[in-house]
Colleague: 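First the structure, which I've put down as structure tokens, then a few questions once you've had a look.
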Amino acid sequence: MQREMIERAKALLADGTVNRVIGWKAGEFDYDITPAVFTTAEELDAGFLYNDLCAANLSKYLIKESRKEGKILAFLKPCDTYSFSQLLKEHRIWRDHVYVIGVPCEGKVDVDTVKSKGITGICSMRCDGETVRVETLYGEESIKKDEAMADRCLNCKSKKHVVYDELMGEEGDVLDSHRFDMVEKLENMTPDERFAFWRGELSRCIRCNACRNVCPACTCEKCVFDNDASGIAQKAAVDSFEENMFHIIRAFHVAGRCTDCGECSRVCPQNIPLHLLNRKFIKDIDELYGEYQAGADPDTKPPLNTFTQEDAEPSVIYERGGNK
Amino acid sequence: MQRIGVFICHCGTNIAATVDVKAVAEALKHEPGVVFSTDYPYMCSEAGQNIVKDAIRDYHLSGVVICSCSPRMHEATFRKAAAVAGLNPYMVEIANIREQCSWIHKDIPQATEKAITLGKAAIAKVHLNAPLYAGESPVVKRALVIGGGIAGIQTALDIADAGFPVDIVETKPTIGGKMTQLDKTFPTLDCAACILTPKMVDCAQNENIKIYSYSEVTDVKGFVGNFTVTIKRKARYVDETKCTGCGICTEKCPMKKVPNEFNLGMNNRSAVYIPFAQAVPKVATIDPEHCNMLKKGKCGLCAKVCTAGAIDYKQKDEFIEEQYGAIVVATGYNPINLDKFDEFAYSQSKDVITSLEFERLTNAAGPTSGTLLRPSDGKHPHTIVFVQCVGSRDTSGCGKEYCSKICCMYTAKHAMLTREKYPDTDVYVFYIDVRTPGKSFDEFYRRAVEQYGVHYIKGMVGKIVPQADGTLAVQASDLLDNKQLHINADLVVLAAAIEPDKSARPLATMLTASMDTNDFFTEAHPKLRPVESPTAGVFLSGTCQGPKDIPETVSQAGAAASKVIGLLCKDKLTCNPCVAHSDEWMCNGCSACEKVCPYGAITYEDKEFRMPDRTTAIRRVAIVNEAVCQGCGACTVACPSGAMDLKGFSNSQIMAEVDAICK
Amino acid sequence: MLKLPIAKLDEFFAAIAAKETLYLPVDNEGGQAQYKEWKEGVSLSRALNTVRSAKDFFFPQTENLMEFKTQGKAIEVIDSRKESEDFVIFGVRACDARSFTILDKVFLVDPVDTYYKTRREHGTIISLACTRPEETCFCPLFGIDATEPEGDMRGWMTEDALYLEPVTEKGTALAQALGDLLEDADAAPVEEQKENTKKILEKLPFSKLDMEEFNGDNLLKLFDSPKWAGLSEACLGCGTCTFVCPTCQCYDIRDFNTGHGIQRFRCWDSCMYSDFTRMAHGNPRLTQLERFRQRFMHKLVYFPSNNDGEYGCVGCGRCLSKCPISMNIVKVIKTLGEDK
Amino acid sequence: MQVNNSEFKPKIVAFCCNWCSYAGADLAGTNRLNYPADVKIIRVPCSCRVNPMFILRAFQRGADGVILCGCHPGDCHYTTGNYYTRRRMTLLFSMLDYLGIEKERTRVEWVSAAEGAKFAATMNDFVETVTKLGENKRLEDLRCKEK
């Protein structure tokens, strides 16, 4: 696939369809891959990479890239196309400056997940079918691929590309995932247990803003939390309240817009399961206002920007689960 | 830092009896920015207002806090006073220490403490107030009347008489509405057509009035003084400008079996038709559902016989866009569907009819040329039963909970006229109550009972069963005599409840005008602003607002016209300055605000920006039309970046109030 | 050399905690190590290092400086400093132990940061030699010996014992206070461990990077390198690298209106943020390229130029494993180093 | 009915829309219907003006309960504002509950301009509920506590 992608990219560069290519660039180890823009065939040959470790969602970069001169070729995974489509819907990307090639994704191996299995000193990591072979400073190890994947890939919502100009490989389908299982588990806890759970998680927040800055839904020119005039600007989570405030408001601001790409949890240096906040909103929206997948189609109104006269009253939450 | 003056009103003893006003004045004196604090028995009095004005001048106040009654009461008063003293009126904030404090709390220390907190919140807010200036928007000096019944006609005539152009949009091929179908009118018994048709002709001839018949409003944009309305002119396949209304086409048309809606289907018309002789405009209309030429491409007879060459089978629906300063809704009513009233056998027997059908049966221009004959066999009915409140005052859920208001009087009229013309007829009227408030109304009803010998029976009809001999077995109860009655009637007339026309609901959505649960338009104030809708520039005329008889409709129509005239007389309107505003440097151009704006006040523009890093960028940013925005604030919450804020109720102002209250 | 049988580890922690507050790396809900206060039942993490560095103890993420209260026109200034208590940090790795030296060069030079100084004086560091370095470790590049960490007392953990060696007066005092819990021991097992660890340290991929290029003489050349554009292009502008870094020392001072007064506090800031060092005229570094460059120029050029060649990096590898886009100081050193 | 809360006095912030609920509160006043002085009203043009930030801000600053009152659905002065409020607040409250924060501390109630009695009854009930819950501990900002 990688070879094929490089050839196609070279061809599109050569025929002038695009003048840049955004993709993934190899790092020092197999897992430390950086999103990068390539402008020549040589650069592509030297560094372009696509494999089961290329996890970064490239769609957000296209906000800036699409505003530049000329067209850029973007290789997007199914997940990324949802974000891309949502950004188009919000007029954040100039569509005619992007040439999208949908590329398949079989789920990404996550180095933190591998490390959490006690494998350390990882110098190299290769997927070999369903096995991940790991070379470490302390010898070779192997791990099953599904044990090496993060939650977001184990509960993949869709292998379908919702927007593209061209497709490589087979088109996949929208999947039945179990992505709400953990949300449900939390809902079934007592409020005290839930409070303890989230305090344990959110208290680790160092307010590095990685979740926000990587999020393809967080595209504000200036975030309220960076804007001193907003009255709620914060630079550090000084108090437990601010941890809550930041994460509640961030989740609320992306509610109905979050495509559940899982980048927030992937990048969190403190391993806070931030996607569980967004998924709660997605689950609530699905249950209360009908199934809605952000980014799935360009026309439906975001659930928070529309209504029906028969909508549930807020008191519905007093009766709904989660108070057992 | 603002220089704030605080003024505590005693409201006589209304406030002062429960709130220690001196203590409040003293406590608020020490708040940051407060340079003057005082109390006075009646702040809203001239003397009180003078204290405010003097303080503004003497202490160079930049902000004023009045602790008094509800801002809904005197905010405007104090804003005016501030303006007189040279302070921007929007630098005034009211702390409501009467309705929301002194009147509801009995404990003086508690009430005083709360009053101080409310005062502090108002001070905190005023610190962040900025002078606001009301914008102006021009007024398009043309009115639109939606609905061409008597309400619409009267409104249009009155507006036109004042010299303003006015357009009537009517969905039917002719104006005139329900009144054209009526025979006589109560309580004077003058002929409806005789008093209505001259007005219809006046409309047609008035230079200021333009009639869009057979047309519908499909879109409304804009706001008071400046509405843009899309009108769909349905294809009538007849060139209105050429048709002379001679009617030859209607005579020659081979398709003559179309139920005639003007006579409520009691006789037929041709596929090309003129609803009735006095129709305005008097032009033919081809009914595309029944015309063979339009359906199958065969016939074309009307075109051949039309000497004016007015027939045009290729005519298409036409959409025109017009500008209006004011819109009057006069969409009227319809009798309800009687499907849910099986017990009255309306669908089973032709001889069970509604009152409106009865009107047609007694009308000289009706299907029987005015002779009262049974629809089933054309025989003269000898026993007639009138049933009142069919679907009105109905709490069973089948009908309407309200009283339809006109039925008691028209039934008395029907009963009286029947007895007068056909004295050999027995007439029974079953009623729950007879309601006849109105000039000469009760006298009229009494005449029906006393002079014409109509049998009024208090009670409900339980069941009507069509008999083999063609009569109708009416089972009813007489509540006064407490007995069951069985009447064999030849004809039963149901006083069906009336309901707003079905077009009203979608129209209300287009106009962003509010409706009640029965789909009647809501007035801006039930007592003081009965002909205005809460949506500025939208006025209400006739039964779209609630059941009414003709004189009431006409007087409301005149009232609506006078309101419109008052509006159109102005050259410019002042806008509410407390409107949304977008900081274009923070705007993402995501369109979230646009989606929630009920007024379509937000648009987008690709603008060129000189960025801080010295590059130029084209950015899509939201623009608020301040004349259209009504200041609800829905957009401010939809906006994640906080670029959208509401003047007068800004994020920081509200948070300052929160802070002060929670301190 | 002192020795503590591993079975007595809890007893050892309890003995210290009885005197002073003891902090040590503990596994948290996120499956990673974090410094927490020792209490009965809390056990030492087996992880190589904590996500957040040990600098938090001397330079916490947020710290109240003072409070202002107003009454009418009078302003009262209240020092927010609390009485500092003595504390012990156990398990500090060699990289973090070195980071304190770097921080000292910032905070303890004139004008002395008294908040930092007070915390430094009250803290005792028990460092712990590494035995299983990660691929991201490159402390040898900065002359740090992971088998012989700095600190008030240094330790080596073997399978059956914890070996300790007091280094400073503070360390000696602490050892003495613990009395008979610690026994004198032969250093042989420690030497053996050191040998083993050194073999692995030898193999570390980044321990021998070429640093020749990074000195003050090359400042302008490095600053003007066209390579910054490519290096920084994927940077998200988050503060992860800064906040996990043991040597980043920039902070912002902010005021918070508590409703009862103004709380003036300082909190970590990140040169990666768009509003870093924003002044009245605006921001001195307008693009992410400039901000990205600033961070690495500071660590690799400016800081050593002002501090006798000491780099502002200890090679702990946190930024390597935590950067959301896997861009880091090693890639910067390698890329710019090529231009010799 | 005055709630008997001799010890703990909750701080209650009530956001009321200008056209219905604020007028309803005024009517409660006009009719001298008592409710606890712990309730302080903030006037907003429409319930849809209330940003979740305001609600969290209130809790941060020491509120023990926040109630939001607007026109009945369908009666919004701005036609649709309260429908958005309804969705926003349902989701926000659900999220607070998800985080283990007592959901009884937040409430939305539709009060028309004619429902002075409902306004007073609602406030009495809400104050009673919040009083039973006691002080807001789960969403407090310790810096904002009076020392």
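So that the names make sense, note that chain A is the first sequence line, chain B the second, and so on, each numbered from 1.
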Colleague: Measuring heavy-atom distances to chain C, does A:Phe29 have an atom under 4.5 Å in its side chain, in its backbone, in both, or in neither?
Modeller: side chain
Colleague: Heavy atoms under 4.5 Å from chain C: which residues of residues 217-230 of chain A carry them?
Modeller: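 Result: A:Lys222, A:Asp226, A:Asp228.
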Colleague: Nearest 0.5 Å please: distance from the SG atom of A:Cys208 over to the NZ atom of C:Lys322.
Modeller: 10.0 Å
Colleague: I'd like to check the side-chain contact (heavy atoms from CB on, under 4.5 Å) partners of A:Ala26; sequence neighbours left out, ordered by chain and number.
Modeller: A:Leu49
Colleague: Got A:Lys235 and C:Tyr273 here, is their nearest side-chain heavy-atom distance under 4.5 Å?
Modeller: yes
Colleague: Please name the pair of heavy atoms, one in C:Arg254 and one in A:Ala233, separated by the smallest distance, quoted to 0.1 Å.
Modeller: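 Looks like NH1-CB, 4.5 Å.
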Colleague: Under a 4.5 Å heavy-atom cut-off, does chain C meet the side chain of A:Thr120, its backbone, both or neither?
Modeller: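 Both parts, backbone and side chain.
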Colleague: Quick check on C:Ser270 against chain A: is it the side chain, the backbone, both or neither that has a heavy atom closer than 4.5 Å?
Modeller: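 Looking at C:Ser270, nothing touches chain A.
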Colleague: Which atoms form the tightest heavy-atom contact between A:Ala210 and C:Thr240, and what is the distance?
Modeller: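 Looking at all heavy atoms of both residues, the shortest contact is CB-OG1, 3.3 Å.
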Colleague: Decide yes or no on side-chain contact (heavy atoms from CB on, under 4.5 Å) for C:Glu29 and A:Phe197, but give the supporting numbers first.
Modeller: CA-CA 9 Å; C:Glu29 294 89 336; A:Phe197 172 85; over 6 Å; no
Colleague: With a 4.5 angstrom heavy-atom cut-off, is it the side chain or the backbone of C:Arg132 that approaches chain A, or both, or neither?
Modeller: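 Contact with chain A: backbone and side chain both.
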Colleague: Could you look at C:Asp275 and say if it's the side chain, the backbone, both or neither that has a heavy atom under 4.5 Å from chain A?
Modeller: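 The answer is both parts of C:Asp275.
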Colleague: Tell me whether A:Asp32 contacts the main-chain N or O of C:Ser326 through its side chain, where contact means a donor paired with an acceptor under 3.5 Å.
Modeller: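 Between the backbone of C:Ser326 and the side chain of A:Asp32 there is no qualifying donor-acceptor contact (under 3.5 Å).
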Colleague: Report, by ascending residue number, the residues of residues 52-64 of chain C in heavy-atom contact with chain A at a distance under 4.5 Å; give 'none' if the set is empty.
Modeller: C:Arg52, C:Gln61, C:Thr62
Colleague: Shorter than 4.5 Å, heavy atoms on both sides: which option in C:Asn328, C:Val244, C:Asp269 has the most such pairs with chain A?
Modeller: C:Asp269
Colleague: Quick check on the structure: residues of residues 33-46 of chain A within a heavy-atom distance below 4.5 Å of chain C, by number.
Modeller: A:Ile33, A:Thr34, A:Pro35, A:Ala36, A:Val37
Colleague: Donor-acceptor pair, distance only, cut-off 3.5 Å: does the side chain of A:Asn213 make one with the backbone of C:Gly237?
Modeller: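 Checking the backbone N and O of C:Gly237 against the side chain of A:Asn213, a donor-acceptor pair under 3.5 Å is found.
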Colleague: By a 4.5 Å heavy-atom criterion (distance strictly below it), what part of C:Ile325 contacts chain A: side chain, backbone, both, or neither?
Modeller: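 Looking at C:Ile325, backbone and side chain both touch chain A.
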Colleague: Look at A:Lys115 together with C:Glu134 and state whether they make a salt bridge at an N to O cut-off of under 4.0 Å.
Modeller: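 Between C:Glu134 and A:Lys115 there is no salt bridge, as every charged N stays at least 4.0 Å from the carboxylate O atoms.
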Colleague: Within 45° of the ring axis of C:Phe243 and under 6.0 Å from its six-membered ring centre, is that where the NZ or CZ of A:Arg207 lies?
Modeller: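 Ring-cation test returns no.
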Colleague: To the nearest 0.5 Å, how far apart are OH in A:Tyr138 and NZ in C:Lys203?
Modeller: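 The distance works out to 8.0 Å.
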Colleague: Do you know which of A:Glu263, A:Arg204, A:Glu201, A:Gln270 has the most heavy-atom pairs with chain C at a distance under 4.5 angstrom?
Modeller: A:Arg204
Colleague: Checking heavy atoms, do the side chain of A:Arg212, its backbone, both or neither come under 4.5 Å from chain C?
Modeller: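 Answer is neither: A:Arg212 stays 4.5 Å or more from chain C.
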Colleague: Using 0.5 Å steps for rounding, measure from the NZ atom of A:Lys25 to the NZ atom of C:Lys331.
Modeller: 8.5 Å
Colleague: In terms of heavy-atom proximity below 4.5 Å to chain A, should C:Arg266 be classed as side chain, backbone, both, or neither?
Modeller: neither
Colleague: Compare all side-chain heavy atoms of C:Phe256 with those of A:Asp239 and state whether any distance is below 4.5 angstrom.
Modeller: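 C:Phe256 does not reach A:Asp239 side chain to side chain.
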Colleague: Can you measure from CD (C:Glu202) to CG (A:Leu137) and round to the nearest 0.5 angstrom?
Modeller: 12.5 Å
Colleague: Quick one: what part of C:Gln32 sits under 4.5 Å from any heavy atom of chain A, side chain, backbone, both or neither?
Modeller: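 The side chain, not the backbone.
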